[in-house]
Each structure stands twice: as C-alpha cells, then as structure tokens.
Amino acid sequence: MTKVAVIGATGLVGSTILQLLETKNIEISELVLFASKRSAGKKIPFKDYELTVRELTEAATKEPFDYVLMSAGGQTSLHYSPLFEENGAVVIDNSSAWRMNPEIDLIVPEVNHPSLDRKIIANPNCSTIQSVSPLKILQDAFGLTRVAYTTYQSVSGSGWAGIEDLNRGERGEDPLNYPYPIYDNVLPHIDDFLENGYTKEEEKMIDETRKILDLPELPVTATCVRVPVKSSHSIAMNVTFEESPTVKEVKQVFRNKPGITLKDDPDHLEYPMPIDAAGKDDIIVGRIRKDNSLENTFHVWSVSDNILKGAALNAVQILNQLLKEETK
Ligand code: A2P
C-alpha cells in the first residue's frame, strides 16, 4: 500500500509526473494532488477517474504519505519538505533548494544511488541530468579531467511562463517572464547573475556535476543560454580525459547503455536535435569528435527532453527505484 502525494500537480513538471505515473504503471495505491490555493478544487483526470486538487497546507503534511513528489518551487519545498520528512515520508524534490545541501542525496538513477541519510532526495537541474548521464559513462571508461558546457535551453525549462513568452513573442507581444523577447532571439542569461559574472544556472551545473559524479575537484565551466525552442535542451560538452581514446572508442561506450541513444552519422546527416528528443525518455548523444585544439579532448553533443528526463521522468525513476528496493 503506497500513498503518494504530487505537489505542484497543476504545473508543467507536476502534470508530466502524473502522466508518467499513469503510463509507466507505477504501483501506487493512493494518489493525492496538491497545488496552491488558486487551484484548489480543480479536477484532473487520472487513469479512468478524476482527482481533485487540494491546497497544500501544513495539516496535509501530517497525513501518512509514503512518497511526496514535489515540483512547486524552492520556497514551497524549503518550508514543506522537512514537514513531510518529519512525518515519515520520502520527498523527491524538483527545485534547486536542497541540491547542494551536503546531507541531501542528488540523484540520477543511472549514475548514483541514494544513501537516504535524509528522507529528502533532490532531483538535479535539467541540464545537469542530461550531462552527467553521458559523463558518468565517459568517466568510467576514460577518466575525466575537465568539462566545459555550453547549453541551448528550451523555454519549457521556465515552466508554463516560458512557453507563454515564446507564444507572446510570436504574436508580437512583449514578454512577461524573461527580461527580453525570447522569440527570434537568444538570451545568454538563465536565472540570476552572481558577483563573479556567472549565472546561478551555470553555477548549478558546475556544482551539481561535481557532486553527482563525486569528483569535487573536477574543473568544470558553463555558459547557459535560453533559445526559442519549446521542448528539449541541447548541450555542447567539451570533455578532457585522462586517457587518449579514438573517436570510435568514445562512440562505442555509448552503445547499449540504459537511457542513452547514440545518433551520430554525419555522412547521413544523423545528429541529435530537440525535435528528436521531445517526448522521448532517452538522452540522445552525437557529434562526437576530437577537439583539435587540446590533447585528449572531445566534443559531445547531448539532447534531451528537459521536462521528461530533465525533471519529471528522473523523479519518477527515483521513485520507482525506491519502490523496487522496498519489495526486495
Ligand atoms: P498553482 O497552479 O496553483 O499556482 P510551473 O512550474 O509550471 O509554473 O508550476 C508550478 C507549480 O507549483 C504549480 O502547480 C503551482 O500551483 C505550484 N505552486 C506554486 N506555489 C505553491 C504553493 N505555495 N503551494 C503549493 N503549490 C504551489
């Protein structure tokens, strides 16, 4: 008997979590949906019935939930996750609020496993997830000594508000969410700027990569860019290895790996694009080639549905992994 709460059930990530709980046939006996007061009473179809969205309150945290899937922003998570945890639930949180807390596990199921020292598990940043999955494979095969990221991130990474701004731009209206139009434009700016000139998004990718790969000293740098694409992020990764493999050997390590598809045949114009990844579970990698300016260094292009593997799917996979361990 597994009782699950989805917090932020009306949001882009929350509603995708609901679809996945349905389509992946996750074994749960009771599902309760929460959002803000605004959405209380809203009916959401699930399987062959309807669920009514409830307002998230402190009283709700006292109910006997086994798992809480939280996608309602950092402030909501900081307040409510410890209350659910105190009451015995395991919280899988999509916000950035807990990720770098040393007591908290930051999990990509293909890469690392939760210690469950605390019952809050953090789901990493969307761009981090689709980077560390291929990087873990490369680390195991050739040893990593440096990573440089440039991202091309879709507007759905900003939730409904990002999609709305792209639609508004298309209609010639001013943006509401971003500081400048995203339609017909590119913004080298995701999340707030820090004193060192990086953005918080870039800092998240750097810190979370080191934490998940358990390589705290790994040199990592990032430039994060918002592009006028609705779904799926693309990331150019420039990766330096301890070893000196051939291009063929680097391509080979991605074959038959769970959650990864290799699409790399330039002669036939085969390379990963957002239109390939949107709606798919796998991270697609390609454009693998030697960086001719640096020793032992390769370019790897990674594309993934940021709402699926980058958020909702990863959270549901964490839940599934925990449920499987329970039944062992
Ligand atoms: P609501 O729809 O009632 O505002 P998105 O990332 O797509 O913007 O979604 C954010 C999600 O987080 C929504 O489901 C939103 O609910 C929910 N949310 C925002 N603030 C709160 C809050 N204080 N308590 C519960 N849910 C919240």
Side-chain angles (χ1 to χ4, degrees), residues 4-22 31-46 50-63 65 67-87 89 91-99 120 122-129 153-168 175-179 182 190-192 200-201 204 224 226 229-233 278-279 305-316 319:
V4 174
V6 174
I7 319 288
T10 50
L12 195 48
V13 174
S15 50
T16 308
I17 285 176
L18 294 182
Q19 284 166 21
L20 292 170
L21 291 177
E22 187 168 337
L31 181 61
V32 184
L33 309 186
F34 294 95
S36 76
K37 196 174 182 173
R38 293 182 281 283
S39 304
K42 197 175 165 193
K43 306 258 191 258
I44 296 190
F46 186 77
E50 263 188 347
L51 294 168
T52 305
V53 178
R54 290 169 51 191
E55 179 190 356
L56 179 63
T57 59
E58 288 188 7
T61 67
K62 304 287 172 260
E63 294 173 33
F65 291 110
Y67 296 97
V68 175
L69 297 168
M70 177 92 77
S71 300
Q75 289 312 315
T76 308
S77 178
L78 282 173
H79 183 73
Y80 287 99
S81 294
L83 301 177
F84 281 112
E85 182 189 30
E86 250 169 56
N87 202 45
V91 180
I92 301 167
D93 178 47
N94 260 296
S95 79
S96 61
W98 300 93
R99 291 181 191 149
I120 299 172
N123 208 33
N125 168 273
C126 43
S127 295
T128 310
I129 294 176
Q153 297 181 226
S154 69
V155 295
S156 55
S158 313
W160 292 122
I163 294 177
E164 182 57 19
D165 261 15
L166 182 56
N167 290 338
R168 288 176 66 84
L176 295 175
N177 174 60
Y178 300 120
I182 186 62
I190 300 182
D191 209 333
D192 298 336
K200 276 193 189 166
E201 183 80 354
K204 281 180 230 166
C224 291
R226 187 75 67 195
V229 167
K230 273 193 186 141
S231 173
S232 295
H233 293 351
D305 188 316
N306 53 298
I307 300 298
L308 284 174
K309 186 58 184 168
L313 176 63
N314 199 64
V316 169
L319 170 68

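No experiment lies behind these values; they were computed from the predicted model shown. Residue numbers start at 1 and run along the sequence shown. Ligands are counted one by one from 1 in listed order, and the atoms in each one are counted from 1 as well.
Contacts with ligand 1 closer than 4.0 Å are made by side-chain heavy atoms of T76 only, the backbone lying farther away.
Atoms of ligand 1 found under 4.0 Å from any heavy atom of T10 (numbered from 1 in listed order, with element): 1 (P), 2 (O), 3 (O), 13 (C), 14 (O), 15 (C), 16 (O). With ligand atoms numbered from 1 in the order given, ligand 1 contributes 1 (P), 2 (O), 3 (O) to contacts under 4.0 Å with heavy atoms of S39. For ligand 1, the atoms closer than 4.0 angstrom to any heavy atom of W160 are 7 (O).
Of the protein's non-hydrogen atoms, the one nearest atom 12 (O) of ligand 1 is A72 CA, 3.2 Å. Protein heavy atom at the shortest distance from atom 4 (O) of ligand 1 is R38 NH2, 2.6 Å.
Within the 3.5 Å criterion, the main-chain N or O of A311 finds a donor-acceptor partner in the side chain of N123. With hydrogens and angles disregarded, no donor-acceptor distance shorter than 3.5 Å links the side chain of R38 to the backbone of E55. In this structure a side-chain-to-backbone donor-acceptor pair under 3.5 Å is missing from N177 to D165. Side-chain atoms of N306 never come within 3.5 Å of backbone atoms of C126 as a donor-acceptor pair (strictly under, hydrogens ignored).
For a threshold of 3.5 Å applied to N or O pairs, the pair formed by G11 and ligand 1 contains at least one separation below that value. Distances between N or O atoms of V13 and those of ligand 1 include no value under 3.5 Å. Residue-to-ligand polar distances keep I7 apart from ligand 1: every N/O pair is separated by 3.5 Å or more.
Side-chain contact between V32 and F65 is present, with at least one heavy-atom pair separated by less than 4.5 Å. Under the 4.5 Å side-chain criterion, counting only non-hydrogen atoms from C-beta, N125 is not in contact with S96.
Protein heavy atoms all stay at least 4.0 Å away from atom 8 (O) of ligand 1.
Between R226 and E201 there is no salt bridge, since none of the side-chain N atoms of the basic residue sits less than 4.0 Å from a carboxylate O of the acidic one.
For atom 10 (C) of ligand 1, the nearest non-hydrogen atom from the set G159, G73, S71 belongs to S71.
For the 3.5 Å distance criterion, the side chains of S81 and D93 fail to qualify, holding no donor opposite an acceptor.
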